[in-house]
Amino acid sequence: MSRNFLRALALGGIIGLGLGLYYGWVVSPPERVSSGPTALRQDYKDDYVLMIAEAYSVDDDLAQAKSRLAALGLKDPGPPVAALAERLINAGQDNADIRRLAALAAALGHTTPAIAPYLP
Amino acid sequence: MTRLTIALVIGLVLGLTAGLLYAWVISPVQYTDINPSGLNAAQREEYLMLIASGYAADGNIARAKQRLAALGDPDVARTVTALAQRAAAEGRSPETVSALSALALALGVGPGPVPTAVEIITPTGAELPTLELPTPTAAITLFAPTPTGTSVYEYELASAQKICDPQLPGPMIQAQVQTADGKPIPGVEVVIAWDGGRDHFFTGFKPELGLGYGDFAMTPETTYSVSLAAAKKRAEGLFAEPCDAGNGKTFLGAWLVVFRRLP
């Protein structure tokens, strides 16, 4: 096998590799099968938690709320839910939203002095 | 083709294969800080259900629309409607189905077209459509149905009319479920019962005929009743009656049964 043959093979391989990577990463990346809520931007994650609290206020289904929070990667969801409620308190947000988050945090077994006044 | 060209082509193919293998399998693109439009299909549905639950909780349609906009769906009303129908068919909780239906309505799902241009047979002299009797001696009777499920809403039987439309594929029961102001409601379970049998369907599975529409093929010489799980009354005594085709021949007609949600 001549040296020129090997050079041509290597050149083709490098060009092909570059084209394959460009196509696979940029032109046609794989379907986002793994893009769950954990990949959401933080503000969307906060809203996702709020929606879970709203859903919990409607259906009173704690198991489903836990399952949804787990999909966000929250293994111990009580503290982050309470923390979000406190952030809304500090930002002067809607009391109804705060109450729903506080209720969910309490149902998850976590309360704080700041959110206690918003509990029934 | 020279040997060098052959080597170049072989290299290209091998390199391309290796590149695609690496980009698609070994190290695919990792998405971070995405907005909801980047969620995978299953998670987008979950997100929609959460938006509907949020709307059910706070009644804030402006906020619901803002959340829906983040999904980047060009026809989100239809998507929500389809999800409501599927949720109902899959036996999801009444809260979920009701929340999705309510959101679809709030998004302005307009009334669907009337199934077809039909000849409505009404008793002579009647100013308003009234219940058509299957036979001169039989009557549609209204009963309080046996509760078969739970629902957030209650419905009333608004009308049951015989329709003679030769364009229809055969004798059938057409059901329309509407809000108090006439907007179609998808995802509502309609129960059809007859002597020795029972079946059900959900409204909205034929969106081209209206989001609150559903139908059931009738068997001749069988008498049916039509009800909703949450309706106060049901229509009974419906069977395929002959209609005049206008050329001395007859064909079997259909029934249009309308249920209306109580405010």
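Proteins get letters first, then strands, A, B, ... in listed order; numbering begins at 1 in each. Both backbone and side-chain heavy atoms feed into the values below; hydrogens, waters and symmetry mates do not.
- Between K65(B) and L107(B), the closest side-chain pair of non-hydrogen atoms falls below 4.5 Å.
- Interface residue R67(B): only side-chain heavy atoms are found under 4.5 Å from chain A.
- Here the CD1-CZ distance, from I185(B) to R261(B), works out to 4.0 Å after rounding to the nearest 0.5 Å.
- Contacts of L21(B) with chain A are absent, with no heavy-atom separation under 4.5 Å from either backbone or side chain.
- Of the listed residues (L17(A), N4(A), V58(A), L19(A)), the greatest number of heavy-atom pairs within a distance under 4.5 Å of chain B belongs to L17(A).
- In terms of heavy-atom pairs under 4.5 angstrom with chain B, the leader among D47(A), L11(A), D59(A) is D47(A).
- The distance from the CG atom of L12(B) to the CG atom of L8(B) is 5.0 Å, given to the nearest 0.5 Å.
- For the pair R63(B) and D97(A), the salt-bridge criterion is met [side-chain N within less than 4.0 Å of a carboxylate O].
- Between chain A and the options G19(B), A57(B), S53(B), A7(B), heavy-atom pairs under 4.5 Å are most frequent for A7(B).
- Aromatic ring pairs are classed by plane angle as parallel below 30°, tilted from 30° to 60° and perpendicular above 60°; the pair Y47(B) and Y48(A) is tilted.
- Contacts with chain B were tallied for A10(A), A71(A), G24(A); G24(A) has the most, counting heavy-atom pairs under 4.5 Å.
- For I14(A), no part lies under 4.5 angstrom from a heavy atom of chain B.
- Separating the CG atom in L83(B) from the OG1 atom in T79(B) is a distance of 8.5 Å, to the nearest 0.5 Å.
- When the candidates R7(A), M51(A), R100(A) are compared by the number of heavy-atom contacts under 4.5 Å with chain B, M51(A) comes out ahead.
- Within the 4.5 angstrom heavy-atom criterion, only side-chain atoms of R68(A), from C-beta onward, approach chain B.
- Counting heavy atoms from C-beta outward, D73(B) and L68(B) have side chains that stay 4.5 Å or more apart.
- There is no contact between D61(A) and chain B, counting heavy-atom distances below 4.5 Å.
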